[in-house]
Protein chains: 2
Amino acid sequence: MNNADSPNEPRPTRKVTAAMVAAHAGVSTATVSLVANGKSAGRVSKRNEERVREAIRELGYYVDSIGSSLARGVSSLVILVAPDISNPFFAKLIAGVRGVLGEDYQLLLSVTDAGLSPSATEIRRLLGLRPAGLLVHAPTPLFLSELSSPLPLIALDAPDAPENIPSVNFDVLQGAHDVAAHLAAQGHRRVGYLDATTGTATLRMRREAFLSAAAQLGMQVPAVAVSSSTIEMGDAAATFAAHWEEWKESGITALACATDTHAYGVLQAASTTGVQIPQDLAVTGFDDLPFSTASHPSLTSVRLDAHSVGVQAAQALRQLIDGTPLKESKLQLSSQLIVRASSGGTQ
Amino acid sequence: MNNADSPNEPRPTRKVTAAMVAAHAGVSTATVSLVANGKSAGRVSKRNEERVREAIRELGYYVDSIGSSLARGVSSLVILVAPDISNPFFAKLIAGVRGVLGEDYQLLLSVTDAGLSPSATEIRRLLGLRPAGLLVHAPTPLFLSELSSPLPLIALDAPDAPENIPSVNFDVLQGAHDVAAHLAAQGHRRVGYLDATTGTATLRMRREAFLSAAAQLGMQVPAVAVSSSTIEMGDAAATFAAHWEEWKESGITALACATDTHAYGVLQAASTTGVQIPQDLAVTGFDDLPFSTASHPSLTSVRLDAHSVGVQAAQALRQLIDGTPLKESKLQLSSQLIVRASSGGTQ
DNA sequence: CTGAAAGCGCTTACAG
DNA sequence: CTGAAAGCGCTTACAG
């Protein structure tokens, strides 16, 4: 019955277009576009500007990003590509990114399968979105090469990123070195290392830096006491259980883990098998996840400032998008050793 | 000097369009579109189909999703709107969703500020992307009303979603009831509850269900022993520390927590203040995060099957997108009590 | 300051 | 089976 437009209710049924706003305000769509995008200064008369704003309000108009993206050749999307967002690390990083991006860009996350870079198909689909920029966590060389088109991109936590790819990294070298120095200072002479099976550059550097620092500090690392597991507590626990006897025989008194998650698994397995931490074995993690204060014993770890990484990466990306050349294409944020009970430090 | 096209190298410089493919294959863009979208069956000759495929391969063409979305009025994006993706829960849920969506839709996450639903502006921007469907975690009524346009949407973990919004939920009532029953069976007569300050429906139901079950089972819940904190370990620990003396005086022997994270904070604070868990106080969580096997003591909790929720939600969403009416608009997945040491159950 | 018009890349009736 | 053409909603030279 009542099919007539009711003047007061914006009808949500039909999409409101710039043309409708233009008609309503008695101007052209060009003018609507200018006003809606805040580009009206000095190009639209006060009177028309006011009319358009009014019409936008009344009709509930908003710029359609699809149409806009097509016309401009690029969207206002910033896509964060990350493998394992369940890491609390990412929540902080994202908060940092969002703060910098503000209303200007829209942040969306693309989650890849566990520990993997996106497939070629996924990359195409991402590029099909015409993002204004990409933030990529620990990209593989393959990923970077398949990207081909040169859009603004910042790599995160990617110490191996090629020279021409700007990246924001943690100083894991320092962190790994600090762990080794701490263990040496506690009097350990033979130590083990529990690595992650996923071979990202960060994790490789953590191991290499630890092993070389250990050697420099005069600590032995028996080959049998270097092992690895996936970044899952259960898997790390099983690995510990399977290897503890031979590790013990090898004479190690401390075990450095590639991540806190690994260390949690070790603590758990140690507790069920009656291995005393830190008396029988000192244990350290890396990442300083929130749980590390609650584990038993609390876990010595290396703290990384995820929020700062997010902020710095987003700032750099914005510069790239704006066409400003970056002063430094490689940023490095310091890491900090947090000593807790698991390494026989303070409680 | 060399500005001529080299025939073998696809030039990444210029975007490959359907028109270029059409020219290359000697057909119209309509034909290219048909082939590229797999809609060629019975509409394109074998010969042309082959030519187009060849051209697509040679030029490295892929359908531009912006152009396609504009023409079709909808994109192939499925957007998952979630507040706190650092919950390990989400990684599993996402894996479930991705499996069901496959190559047909592109999953992207939109992260809102901690514990908040997206703002009206953010919702507009989301809708501006013309998503094929939305998956929304614990949407507020406000969010749902601001959405206005009726696009395919499934609410997750939203027991309070209105009748007309399909949702996939956990049976938190059962879970909360099981916790209460377990504590009653252990002989507890006076118990406390540590709630979350964020007032999502799930959390409200957890509390209400627990309190009512406790009452039914003849357990007292002193008013002084019902408190709340944010979903952060540190905050929960501080809350415990601040209240423990009066809780003790109130005579409670068990504390049910709204989430595992709360419980971790309690365990931590208890350990530093010398409160024995479970001897002095039995503690339970909710969510069964991975760390709950590694905490000290290990944490009794309620396991929720995040992967299944992802699968079911994605399946329901696909039905909605396809226009198939849902058989049941409310799905509920069972939850399961996992008894561990913190409640004096098994080790 | 303003609007008509071209164009972004695609899809889809439509006519043949 | 095929292609010319309209149209999706917007932006941006361009001419006035």
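Not measured: the values here are computed from a predicted model. Just so it is clear: chains get the letters A, B, ... in the order the sequence lines come, proteins before strands, and each one is counted from 1.
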Report yes or no: do Thr324(A) and Asp322(A) form a side-chain donor-acceptor pair below 3.5 Å? no
Within this structure, what is the NZ-to-C1' distance between Lys15(A) and dC8(D), rounded to whole angstrom? 11 Å
Proximal nucleotide (of dG9(C), dC10(D), dC10(C)) relative to the Thr17(A) side chain: dC10(D)
Under 3.5 Å for both donor-acceptor distances, Watson-Crick or wobble: does dA13(D) have a partner, and if so which one? none
Under 4.0 Å between any heavy atoms, over every strand shown, what does Val32(A) touch: base, sugar-phosphate, or nothing? Just pick one. nothing
Determine the Euclidean distance between corresponding C1' atoms of dT12(D) and dG16(D); express it in Å to zero decimal places. 16 Å
Is the His24(B)-Tyr61(B) ring centre distance short of 6.0 angstrom? no
Does OP1 or OP2 of dT11(C) have a side-chain N or O of Thr29(B) closer than 4.0 Å? no
Within less than 4.0 Å of OP1 or OP2 of dT2(D), is there a side-chain N or O belonging to Asn48(B)? yes
Across the strands shown, which category fits Ala30(A) at heavy-atom distances under 4.0 angstrom: base, sugar-phosphate, nothing? base
Between Tyr62(A) and dC10(D), does any side-chain N or O lie under 4.0 Å from OP1 or OP2? no
Compare side-chain N and O positions of Ser68(B) against OP1 and OP2 of dC10(C) and report whether any pair is under 4.0 Å apart. no
Does dT2(C) have OP1 or OP2 under 4.0 Å away from a side-chain N or O of Ser45(A)? yes
Can a salt bridge be assigned to the pair Glu50(B) and Lys46(B) using a cut-off of 4.0 Å between side-chain N and carboxylate O? no
Please round to the nearest 0.5 Å and tell me the distance separating atom CG of Leu135(B) and atom CG of Leu153(B). 8.0 Å
So which one's nearest nucleotide on DNA chain C is more toward 5', Gly67(A) or Ala71(B)? Gly67(A)
Please confirm whether the backbone N or O of Ser75(B) pairs with a side-chain atom of Arg130(B), one donor and one acceptor, at under 3.5 Å? no
Is there a Watson-Crick or G-U wobble partner for dA4(D) with both distances under 3.5 Å, and if so, which one is it? none
Does Arg130(A) reach a base, just sugar-phosphate, or nothing at all? Heavy atoms under 4.0 Å. sugar-phosphate
From the set dC1(D), dG9(C), dT11(D), return the single nucleotide nearest to any side-chain atom of Leu70(B). dG9(C)
From the set dT11(D), dG3(C), dG9(D), return the single nucleotide nearest to any side-chain atom of Val63(A). dT11(D)
Testing dT12(D), dG9(D), dT11(C) for proximity to the side chain of Lys39(A), the answer is dT12(D)
DNA chain D: Asp64(A) or Arg47(B), which has the more 5' nearest nucleotide? Arg47(B)
In whole angstrom, what separates Met20(A)'s CE from dC8(D)'s C1'? 15 Å
Does Arg72(A) reach a base, just sugar-phosphate, or nothing at all? Heavy atoms under 4.0 Å. sugar-phosphate
What's Lys46(B) touching, base or sugar-phosphate or nothing? Going by heavy atoms closer than 4.0 Å. nothing
